[in-house]
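Each ligand, and each atom within it, is numbered from 1 in the order the structure gives.
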Amino acid sequence: MFRYLAAIAALLMVAGCAARATLKEAYSKDFLVGVALNKEQIEGKRHRETALIKKQFDSITPENVLKWEKVHPEPNVYNFELADKYVEFGKKNNMFIVGHTLVWHHQTPRWVFEDENGKPVDRDTLLKRMKDHIFTVVGRYKGRVDGWDVVNEAVSSGGRLRKTRWLDIIGDDYIAKAFEYAREADPNAELYYNDYDLWIKGHRVVAVHLVKNLQAAGVRVDGVGLQGHWTLDSPPLNEIEATIEAFAELGVKVMITELDVSVLPSASNVTGADISKNFELRKELNPYPNRLPAEMQKKLAKRYADLFSLFYKHADAISRVTFWGLHDGVSWRHNWPVRGRTDYPLLFDSHCRPKPAFGAVIKVAEGDE
Ligand code: GLA
């Protein structure tokens, strides 16, 4: 009798595995599941990775190739080769294509803000540069890029707008202007505000206020992206939930845009993704240089299950969940917030094999969680 039951159980398991959905299938009724692509993947140099991307995801975001310094490194010099390949890849595979990012204080060359003598330009000049950039980049992919991160990280931890050269030179309305130019350049593309730490009440309140003001001024904002560079125990789920609800109430789409979950000890309680922060490597901050122990795999799977249960619960509000990288081998988290560690933040290991966290995420959608 026992052997008979065991045989049936084994058969069911095999059938279950064979029938096991991919991420995009499992969440097809809920939200898009996206992935950020790096340069090598866009160049088509990684065949196994390309196959996995096509199989599992229905949306893509470029990790770097559409950032200002890459696409527009000098005045009047645009490099569209990789960005074109990126968009072609998405089109060919019928994916929702995200453009990332138009206006940001990082990865934007100094010349944008300066005249030929290195002095800050005036408001009109910077607005003109912003407009030219947005018109050229968004205009090139009009009707093909589905949504743009128009402004990235404009809110500071001090509960106000972040002090950047955009803000200094143009003033508070630089955000509204960026959205207006993007809308003019492609009226049918979705336009987003994207940021980290929005789960922290101080940030959230400022960002909610920002979106409300834009809406009141007739500026169209279609969605807000919560970056999602998180860890095993931070942020707390209730704060993420409060954030999803706060933006959903404004009538904008909510997206988790750059999801990864570090399993490593935190360095100086750093949260978010301020790429100018970096801490010294100490041995105790890098406890798993060779492999992730089974009990940590389990913790990661549990954390991912909790996060996806929350996203699933709010699937009406959430339009997309995008992972910041395909597999552990290509994650930026090895070098942030501490350089030179070995982290395991994604659903696939560095050989592209699904980790227990992958199964946990699928299970949530299949309702077995
Ligand atoms: C921020 C940006 C991303 C990326 C990450 C680090 O979250 O939005 O484009 O640079 O930092 O990789």
Does ligand 1 have any atom that is closer than 4.0 Å to a heavy atom of His229?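 Within the 4.0 Å threshold, so yes.
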For Trp324, state whether at least one heavy atom is located under 4.0 Å from any atom of ligand 1. yes
Please identify which atoms of ligand 1 are closer than 4.0 Å to at least one heavy atom of [X].
| X | value |
| --- | --- |
| His100 | 2 (C), 3 (C), 8 (O), 9 (O) |
| Trp332 | 6 (C), 12 (O) |
| Asn152 | 2 (C), 8 (O) |
| Trp104 | 2 (C), 10 (O) |

The protein heavy atom nearest to atom 11 (O) of ligand 1 is Ile275 CG2, 3.8 Å
Closest protein heavy atom (residue, atom, distance) for atom 10 (O) of ligand 1: Lys67 NZ, 2.8 Å
Out of Glu49, Arg353, Lys355, Arg48, which one pairs with His327 under the side-chain hydrogen bond (donor to acceptor under 3.5 Å, both in side chains) rule?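 With His327 as partner, side-chain hydrogen bond (donor to acceptor under 3.5 Å, both in side chains) holds for just one option, Glu49.
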So which of Arg333, Gln107, Glu258 gets nearest to atom 7 (O) of ligand 1, if we judge by its closest heavy atom?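 Ranked by closest heavy atom to atom 7 (O) of ligand 1, first place is Glu258.
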Within 45° of the axis and under 6.0 Å from the centre of the six-membered ring of Phe80, does NZ or CZ of Arg140 qualify? yes
Using the six-membered ring wherever Trp is involved, compare the ring planes of Trp166 and Tyr174 and label them parallel, tilted or perpendicular (cut-offs 30° and 60°).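 Rings of Trp166 and Tyr174: parallel, under 30°.
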Using ring-ring contact (aromatic ring centres under 6.0 Å, His included), reason through His100 and Trp324 one step at a time and then give a plain yes or no. CA-CA 12 Å; His100 172 82; Trp324 205 244; 5.4 Å; yes
Side chains of Thr125 and Asp122: do they bring a donor and an acceptor to under 3.5 Å?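 Yes - a donor-acceptor pair under 3.5 Å links their side chains.
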For Val103, the option from Ile134, Val150, Ile175 that meets side chain to side chain contact (heavy atoms under 4.5 Å, CB included): Ile134
Using side-chain hydrogen bond (donor to acceptor under 3.5 Å, both in side chains) as the criterion, list what pairs up with Asn38, not counting sequence neighbours. none
